[in-house]
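First the proteins, then the strands, lettered A, B, ... as listed; each starts at 1.
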Amino acid sequence: MIGLIDCNNFYVSCERVFNPKLENHPVGILSNNDGCVVARSNELKPFIPMGMPAFKIPSDLQEKITLLSSNYELYGDMSQRVFETVQNYFYHVELYSIDEAFIHLNGDQKTNNYCRYVQKIIKKNTGIPVSIGLSTTKTLAKIANHIAKKDKKHEGVFCLDIHGPDFRHILENLPISEIWGIGRRLNAKLIAMGIENAWQLKNCSPKFMQQHFSVVLERTVLELRGISCIELTDFHTPKKNIVASRSFGQSTNNLFDIEEAIRLHTCRAAEKLRKQHSITHAVLVFLRTNRFHDQSLQYNPSFAISMPYPTDDSREIIRAAQKGLRKIFRAEYHYHKAGIMLLDIIHKNQRQLDFFTHIQNDQSIKRNNSLMQVIDRINQQMGSHTILIGGQRKKARWHLKREQLSQRYTTRWDEILKLRI
DNA sequence: TCTGGGGTCCTAGGACCC
DNA sequence: TCTGGGGTCCTAGGACCC
């Protein structure tokens with residue numbers, strides 16, 4: 001038996017733990033730069049579709065609801081707390097995203113009751129409400145979870161039995177767009193072929209789907225039939241690419257601004273790189289103009305620079321990134337977003353001493369390593385961006401907009417919740 | 001005025017090799 | 001007239017996810 005445990009309206013729930021006034025009130029969480037609505041409380045869902053740009057929300061509605069900037073430091077820490085509890089109650093847990101994990105259950109556990117029990121413990125330990133869907137494959141567990149959430153009578157736990165009397169009825173009433181792995185494009189193509197609900201898709205020939213679409217859709221069909229064939233890569237396996245990018249608070253064509261942004265993004269990416277004990281062979285720099293301004297000229301260049309030798313040293317990567325930036329920067333465009341991607345990432349121990357690369361001597365490697373370690377430790381303890389490389393103005397025009405940010409209640413002593421008695 | 005960010009997997013097609 | 005065949009590796013782009 002496979003289960004999917006999913007935190008309800010996760011970002012909103014995190015905010016509510018520390019701000020009970022938000023309970024039973026329509027709340028939305030905005031993406032970076034306070035751009036789009038990326039999470040909604042149940043009370044907000046009837047009024048605002050997912051992903052709606054904040055500026056398009058009518059002002060009379062804005063007055064009745066609460067919109068908050070996203071506070072990823074808080075959500076990341078709360079996620080860790082939830083899944084620490086989950087790991088105590090299920091023998092095999094696969095973390096899938098910040099708010100979801102697949103669980104594997106023993107056949108002899110009285111599953112529904114046991115899941116309800118764990119659900120209560122998670123709520124008690126962390127304040128976060130969760131839903132649990134159970135079935136025989138990951139795709140079906142996702143569907144079960146969807147039902148657990150949607151239909152109040154299940155109280156957040158539902159088991160989808162492929163031999164049960166209502167299995168067909170449930171799948172017939174599920175549009176294919178709700179199935180895990182069916183996105184916008186596939187949905188349109190399948191509907192054009194007359195395949196509209198999950199039951200129809202389940203009855204398609206897997207081989208036909210593989211030939212006309214891909215092995216991915218073939219697997220989905222098999223999973224709907226109860227044949228498990230989707231393996232997940234472990235949440236903790238080191239990343240093969242690391243991206244750091246942000247939109248600017250305001251568009252700019254000033255090279256000095258963009259250099260500053262690229263330095264900051266490169267520092268963030270290099271920190272992630274060191275955290276997973278990896279080194280990178282190359283860095284790709286990219287710029288984007290605003291794609292929503294179709295009347296202005298568009299320019300979305302990118303340029304990859306190979307490192308002279310694989311490294312995790314922020315300074316070396318910044319140097320390469322700045323070189324790449326100067327190759328693609330054109331002052332006649334206004335840029336809306338800039339970022340970098342670390343490519344060809346390998347584990348530190350895989351570093352090959354090859355004949356043609358410039359080899360640093362051991363002493364300088366050691367010295368640079370300790371410098372990076374000190375920077376990481378200080379930033380971890382005293383707040384990210386305490387130590388940065390190169391100049392960083394506090395109020396540059398490209399900085400993110402985060403006007404409604406809550407406190408980092410669980411990770412900063414000076415932002416901890418204060419009680420008055 | 002204002003429209004997110006960070007990932008993965010798969011496939012097709014080209015380059016290259018013997 | 002008629003220009004091999006089979007394999008690997010790499011890359012760009014598409015599609016999807018949360």
Taking protein heavy atoms under 4.0 Å as touching, what does nucleotides 6-16 of chain B look like 5' to 3' if B marks base contact, S marks sugar-phosphate-only contact and - marks none? SSSSSS-----
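Atom-to-atom, CZ of A/Arg184 to P of C/dC18 comes out at 15 Å; the value is rounded to the nearest Å. Distance A/Leu264 CG to B/dG5 C1': 14 Å, rounded to the nearest Å. Separating the CD atom of A/Glu94 from the C1' atom of C/dC17 is a distance of 15 Å, rounded to the nearest angstrom. Summarising the geometry, the separation between CD1 on A/Ile5 and C1' on C/dC18 is reported as 17 Å, rounded to the nearest angstrom. Atom CG of A/Leu4 and atom P of C/dC17 are 14 Å apart (whole Å).
Dashed line: the shortest gap from a side-chain N or O of A/His293 to OP1 or OP2 of B/dC2 is under 4.0 Å. At the phosphate of B/dG4, OP1 or OP2 sits under 4.0 Å from a side-chain N or O atom of A/Arg291.
For the pair A/Ser70 (side chain) and A/Leu30 (backbone), a donor-acceptor distance under 3.5 Å is present. One N or O on the side chain of A/Glu223 and one on the backbone of A/Cys229 form a donor-acceptor pair closer than 3.5 Å.
Nucleotides B/dC16 and C/dG4 are separated by 15 Å at their C1' atoms, to the nearest Å.
Ring pair A/Phe213/A/Phe208: centre-to-centre distance not below 6.0 Å.
Within the nucleic acid shown, A/Glu100 comes within 4.0 Å of sugar-phosphate atoms alone, with no base atom in reach, counting heavy atoms only. As judged by a 4.0 angstrom heavy-atom cut-off over every strand, A/Asn33 is placed among residues making no nucleic acid contact. Counting any heavy atom pair closer than 4.0 Å across all strands shown, A/Leu342 reaches no nucleic acid atom. No contact: A/Ile98 has no heavy atom under 4.0 Å from any strand. Within the 4.0 angstrom heavy-atom criterion, no nucleotide atom of any strand lies near A/Asp34. A/His265 comes within 4.0 angstrom of nothing in the nucleic acid, heavy atoms only.
Taking a 6.0 Å sphere around CZ of A/Arg412, one finds it holds more than 12 heavy atoms contributed by other residues, nucleotides or ligands. By the 6.0 Å contact criterion, NE2 on A/His92 is enclosed, its count of non-hydrogen atoms from other residues, nucleotides or ligands being greater than 12.
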Full working for side chain to side chain contact (heavy atoms under 4.5 Å, CB included) between A/Leu224 and A/Leu140: CA-CA 6 Å; A/Leu224 287 173; A/Leu140 290 172; 4.2 Å; yes
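To the nearest 0.5 Å, atom CZ of residue A/Arg16 and atom NZ of residue A/Lys21 are 14.5 Å apart.
Nucleotide B/dT8 is matched to C/dA15 when pairs are restricted to Watson-Crick or G-U wobble geometry with both distances under 3.5 angstrom.
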